[in-house]
There are 2 protein chains.
Amino acid sequence: MSRKPRIRSGSGVTMHDVAKAAGVSAITVSRALNQPQQVSPHLRDKVQQAVDALGYVPSRSASALASARSRTVLVLIPSLGNTVFLDTLAGIESILAPAGYQMLIGNSHYDAEQELQLLRAYLQHRPDGLLLTGLSHAAPFDALLRQHALPAVYMMDLADDGRCCVGFSQEEAGAAITRHLLSRGKRRIGFLGAQLDERVLKRLAGYRATLAEAGLHDPSLEWLDPSPSSMQMGADMLDAALRARPDCDALFCCNDDLAIGALARCQQLGVAVPQRLAVAGFNDLQPATWCIPSLTTVATPRREIGVQAARALLNMMDGGMPDAPRVDLGFELMLRRSS
Amino acid sequence: MSRKPRIRSGSGVTMHDVAKAAGVSAITVSRALNQPQQVSPHLRDKVQQAVDALGYVPSRSASALASARSRTVLVLIPSLGNTVFLDTLAGIESILAPAGYQMLIGNSHYDAEQELQLLRAYLQHRPDGLLLTGLSHAAPFDALLRQHALPAVYMMDLADDGRCCVGFSQEEAGAAITRHLLSRGKRRIGFLGAQLDERVLKRLAGYRATLAEAGLHDPSLEWLDPSPSSMQMGADMLDAALRARPDCDALFCCNDDLAIGALARCQQLGVAVPQRLAVAGFNDLQPATWCIPSLTTVATPRREIGVQAARALLNMMDGGMPDAPRVDLGFELMLRRSS
DNA sequence: TTGTATGCGTTATCAG
DNA sequence: CTGATAACGCATACAA
């Protein structure tokens, strides 16, 4: 029977070639690279030399197939254009990269259906674990996770059902900033909301509950738009708000972009901030500290969320249960000139 | 000899399981999924049913190993925090995803050494092709590409050495905006530059050449800082510029962020724009259209660059040569109120 | 500490 | 149009 040699991928250098060059067996090369302490220093050197000389690069596909571990983690986020998630990604990478894991980044564009498609597509890579944004996902989502026995950590929010999550209470944060505005003597506090994703709606719920408790809840002070937020939209919403309710004396914006756009429009219109109108944002992005007036907002531990979520996932992928199934990293009110 | 069953990855459903359930052979399943027209409609249906019933997800690792094609493209960009590259990524994905390719995104943080490390790391995935930002890379970079016979397309700029590239002339764009400022009667035109990557330096070169030709080049009108750009930095640089050269009558900022920060500072200081000081940016990001005053800038075809670069790469990965090795997508001056 | 035999899930090759 | 077989590159189990 004749051999059937096929086209080789990559540069064509395999572990066998390295082994031959180093005068050892293939498995010794494998160990020298993956568990160096199990190989004698002498052979380790010879292998390393051969690797360098031949320019050998291990094949992740072959490794994954043989070991049933892809050393890959799927990270699903709603947007790449939002600094919040970029910071989270940076935190994740700072933990996963040194541990030898690579990230597959999926951008769902704030769409549950797209998120499900992304999961389906990326499952072909057999990721060892999953980092998710938010708690609610499309119906078949959790079923898929279970079927594939995929460890998952939920980021940005806190669940009550035993799922492993790292975040803070969006609702409590919304309530806290609203209480602050109340403490400043404001009584007709409005809400500007864009995107209207899960987290924005929870901040809104916190706002509503706090005002209701004070007997000050007024649905006509809420301006909601499901389209993506932007500074431009903040400016437009401010116009709409002041037109509809000139007596409004404070605004809680669901994020800093909206708030900064609103602030800029106030400047143009000559609306006194915070005297006539106080403005608060959410997230504490960089411009919040130097816009005029500086912006009162809620600082969120997004990078740390990435770090701790990645650590918890590493734990679960090693077979262990997470130390704590639910990590509350809290938030911090940043009180500045706009309130 | 006893069998040695191992742990299975994923949900454990393999192509063989599907084949058994459908009453066909494994290879027929493979064909039904990848080359449907080569399988009779009847069997195709049976296979599809079995796939759905079992929740089968093909293994990319096994496929890559057997076919020597990973259906994966490595995209290396200098930053994820810059809208320019996010737009490019979106353009790329719009072409690669429908073609069945997945992107591996590497963020080099504007660092050639990191970029090289990323290439090394991602080569383990045996990408079928490469999309690169800019023309100059670390020394061993091109050697690695050749060794691995990796087709590559260079984005954002134009090369003269036969490399396949899709972009526009950064130098010519810098010259064009400078000529525009000259045409407005400005004579002491300054340059604010941050990051100082390859492309910023080319814009600077275009600026210098144009002014030199007019006999107006003055090195003391250049303010350069290698750290990452931001609106804050734009504001700070404006302060420095006006302090050192109060007679400066125009500023070409190497990007919109810097320009918008400078513009904001002008507002605060009461500097009349464009009368006393004209300001121009680069890229035409969203805020450029609605900041006060609106910003004169250079619109860059970044999304289209992604689209065409991806198309060219698909071509090369199919074995063909690119239609044109060098695609100049040009740029457009957006003349607004700030000049 | 090092080596041998074998299996991971898929596709290329070639035969029917 | 369909199927049997071998091969892809590496890691596990076990033996030496």
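Note on naming: letters A, B, ... go to the chains in the order of the sequence lines (proteins, then strands), and numbering restarts at 1 for each one.
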Side chains of A:R69 and A:Y101: any donor to acceptor distance under 3.5 Å? yes
Quick one: is A:S61 getting a side-chain N or O under 4.0 Å of the D:dC10 phosphate, OP1 or OP2? no
Choose from D:dG3, D:dC8, D:dA11 the nucleotide whose nearest atom is closest to any side-chain atom of A:N34. D:dA11
A:L65 CG to D:dC10 P, in whole Å, measures 12 Å
Whole-Å distance between D:dC1 P and B:L43 CG? 11 Å
Quick one: do A:H109 and A:E115 satisfy side-chain hydrogen bond (donor to acceptor under 3.5 Å, both in side chains)? Show the steps, please. CA-CA 8 Å; A:H109 300 274; A:E115 188 183 47; over 6 Å; no
Categorize A:V39 for me: base, sugar-phosphate, or nothing, with a 4.0 angstrom heavy-atom threshold over every strand shown. sugar-phosphate
So does B:T28 get a side-chain nitrogen or oxygen closer than 4.0 Å to the phosphate oxygens (OP1/OP2) of D:dT2? no
Check this one for me: any side-chain N or O of B:S67 less than 4.0 Å away from OP1 or OP2 of D:dC8? no
Whole angstrom is fine here: how far is it from NE2 in A:H16 over to C1' in C:dA5? 11 Å
With respect to the phosphate group of D:dG3, does any side-chain polar atom (N or O) of B:S25 fall under 4.0 Å of OP1 or OP2? yes
Side chain to side chain donor-acceptor pair (under 3.5 Å) with B:R302: which of B:T83, B:D87, B:T88, B:N82? B:D87
Whole-Å distance between C:dT2 P and A:H42 NE2? 9 Å
Is any side-chain N or O of B:S30 closer than 4.0 Å to OP1 or OP2 of C:dT10? no
What is the distance from CD1 of A:I27 to P of C:dG7, rounded to the nearest Å? 16 Å
Any chance NE2 of A:H16 has more than 12 other-residue heavy atoms, nucleotides or ligands included, within less than 6.0 Å? no
Integer-rounded Å distance: D:dG9 P and A:L33 CG: 16 Å
Does B:S63 make a side-chain N or O approach to OP1 or OP2 of C:dT11 shorter than 4.0 Å? yes
Whole angstrom value for the distance that separates P of D:dA4 from NZ of B:K20: 14 Å
Value in whole Å for how far the C1' atom of C:dG9 lies from OH of B:Y56: 7 Å
DNA chain C: 5'-proximal contact among B:R60 and B:R31 (nearest heavy atom): B:R60
Is the B:H137 ring parallel, tilted or perpendicular to the B:Y154 ring (thresholds 30°, 60°)? tilted
